[in-house]
There are 2 protein chains.
Amino acid sequence: MSGIRALQKEKTRRQLIDAALGQLSSERSFSSLSLREVAKEAGLAPTSFYRHFSDMDELGLTLVDEAGLTLRQLMRQARQRIDKGGSVIQISVRTFMEFIESNGNIFRLLLRERSGTSKAFRAAVNREISYFTLELCDYLQQANKLDAEVAYLQANAAVTIVFSAGSDALDCDKKDLAALAQRTIKQLRFIARGAFEIGVGNKNRSEQRSSSAKDETK
Amino acid sequence: MSGIRALQKEKTRRQLIDAALGQLSSERSFSSLSLREVAKEAGLAPTSFYRHFSDMDELGLTLVDEAGLTLRQLMRQARQRIDKGGSVIQISVRTFMEFIESNGNIFRLLLRERSGTSKAFRAAVNREISYFTLELCDYLQQANKLDAEVAYLQANAAVTIVFSAGSDALDCDKKDLAALAQRTIKQLRFIARGAFEIGVGNKNRSEQRSSSAKDETK
DNA sequence: AAAAATAGCGTACATGTGTACACCGAAATA
DNA sequence: TATTTCGGTGTACACATGTACGCTATTTTT
């Protein structure tokens, strides 16, 4: 089993994946792609598609996995930048915006399939997003010594806000992007500040009240 | 012009609209509907469709308008309840959850087309949502004496959170709905509290700091 | 009462779809 | 070396789609 065959198979499988990704755009969703189109774009006969995926759905789920991977790589990148110092929120938002600028179609895929017509797709996307959220949650919990529930709620809200901003960014004039990012940053600060104030109140009522958040609200 | 003709036309136009709405479901999006299906469901010959809409897109935009109407009616309903006293956030979330339970498919339409493949659709949905947001913004501004920008940011963030919760609710077991609502309420409180604290800091730095929000964070 | 307008129908057609099937040639296995 | 496996091809079919066109019956206008 030299693998020259398996190797070639892997390669054309990638061609299919890339062909699908390549066809995505603001006016083309995954569900609007046909098997034939994808196969043709990949330089294959339609029926050859079946040698790699039993279904367009199977391809789609693969794409979602791929997108999740990109998402986690994004997080790693943000972490690196943060470790070099700077405002966590600011850097995170900037990193996310850059991500969207260069991976718009992958992000679109996640956004669309999250509310799409296939339960499996929705579940897959939500799984990826929940990984993302949980990582942020961990970070918040240990960096800010937050209550577990508060940290989760904050992480979840923050991800929601950022994704929504990402969605807006996709239809945004480039000139308005910076302003959008600024608004998003302020909203994240609301959440962080609120979580801090309320979180403190939870375990330690009416003491240390206004000792100004050390996580950044400013 | 007695209008017996125009009347009948209006009626079958409604049949088309209702037919389309009726076909929407968790596994059926508007863009996956065909003109023929809708016409058949409405009891019409396919080609008769054109007497009322030039396009499926035109029908779709009509549906979005319809959905926006329902959304505003929702807001009115929430207002009435709020005026009768009670926690604004709690009542708003409950009202919204009820809305979703009985108008799931309309809400799905908004969610999906907001990130859909038609720029016109996306714009239409965003327009409706922005009405919704602006009304909330007005309310916050005058009820809580908030800075205009802060009020807008809070309203926008709150709507985002609530819509996202609504989206989750659509795929939720009924038994988990109450917990989801509780989490959403807490998140909205984070935002309200943060907006208050930071908003106050903005115009009146470091004074009146922890005079406990009169808008509700508790 | 005559003429014009129009909502709805049926037929027809070109186009795109998923996929079943038989086949080929090269790689893998025996 | 002989045999099997398997990625890829081309043909073929049934089906659904959007929509152009002409017709009818009834309402509306003249």
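Chain identifiers are assigned alphabetically (A, B, ...) following the order of the sequence lines, protein sequences preceding nucleic acid strands; residue numbering begins at 1 within each chain.
Side chain of A:Q187 to backbone of B:L153: a donor-acceptor contact under 3.5 angstrom is found. A side-chain donor-acceptor contact under 3.5 Å links A:R112 to the backbone of B:S115.
The residue among A:E37 and B:G43 whose nearest nucleotide of DNA chain C is located toward the 5' end is B:G43.
Of the residues in residues 17-26 of chain B, not one comes within less than 4.0 Å of DNA chain D through any heavy atom.
When rounded to the nearest whole Å, the span between OH of B:Y50 and P of C:dG8 equals 15 Å. Computed from coordinates, the B:L59 CG to D:dG18 P distance equals 12 Å when rounded to whole Å. Remark: P of D:dA16 and CE of B:M56 are 17 Å apart, rounded to the nearest angstrom. Taking atom NE2 of B:H52 as the reference point, atom P of D:dT19 lies 16 Å away to the nearest angstrom. Rounded to whole angstrom, the span from the CG atom of B:L16 across to the C1' atom of C:dG8 amounts to 12 Å. Atom CG of B:D55 and atom P of D:dT19 are 7 Å apart (whole Å). C:dG8 atom C1' lies 17 Å from atom CZ of B:R13, rounded to whole Å. In this structure, B:F53 atom CZ and D:dG18 atom P are separated by 15 Å, rounded to whole Å.
OP1 or OP2 of C:dG8 lies within a sub-4.0 Å distance of a side-chain N or O belonging to B:T12. The phosphate of C:dA7 (OP1 or OP2) has no side-chain N or O of B:S48 nearer than 4.0 angstrom.
With rounding to the nearest 0.5 angstrom, the CG atom of A:L63 is 7.5 Å from the CZ atom of A:F121. For the atom pair CG of B:L136 and CZ of B:R79, the computed distance is 8.5 Å after rounding to the nearest 0.5 Å.
A salt bridge is defined here as a Lys NZ or Arg NE, NH1 or NH2 lying under 4.0 Å from an Asp or Glu carboxylate O, and A:E135 with A:R72 fails to meet this definition. Salt bridge status for B:R81 with B:E98: present, with a side-chain N to carboxylate O gap under 4.0 Å. Of the charged side-chain nitrogens involved, at least one lies within less than 4.0 Å of a carboxylate oxygen, so that B:K186 and A:E149 count as a salt-bridged pair.
Here the side chains of A:Q154 and A:L146 are in contact, with some heavy-atom distance below 4.5 Å.
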If you restrict it to nitrogen or oxygen atoms, what contacts under 3.5 Å exist between nucleotides 11-13 of chain D and the protein, and what is each distance?
none

Restricting to nitrogen or oxygen on both sides, can you table the protein-nucleotides 4-6 of chain D pairs closer than 3.5 Å?
from  : atom 1 : to   : atom 2 : distance (Å)
D:dT5 : O2     : A:R5 : NH1    : 3.2
D:dC6 : O2     : A:R5 : NH2    : 2.5

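Residue-environment remark: CZ (B:R94) stays at or below the threshold of 12 foreign heavy atoms within 6.0 Å.
In the set D:dT27, C:dG18, D:dG8, the nucleotide with an atom closest to the side chain of B:I4 is D:dT27. With D:dT19, C:dT17, C:dG8 as the candidates, the nucleotide lying closest to the side chain of B:Q8 is C:dG8.
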Side-chain donor/acceptor pairs under 3.5 Å, residues 166-182 of chain B, sequence neighbours excluded:
from   : atom 1 : to     : atom 2 : distance (Å)
B:D171 : OD1    : A:R122 : NE     : 3.4
B:D171 : OD1    : A:R122 : NH2    : 3.2
B:D171 : OD2    : A:R122 : NE     : 2.6

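Sequence neighbours left out, the pairs with a member in residues 15-31 of chain B that pass salt bridge (charged side-chain N to carboxylate O under 4.0 Å, His left out) are B:R14-B:D18, B:R28-B:E37. Among residue pairs with one or both ends in residues 156-182 of chain A, those qualifying as ring-ring contact (aromatic ring centres under 6.0 Å, His included) are A:F96-A:F163, A:F107-A:F163; sequence neighbours excluded.
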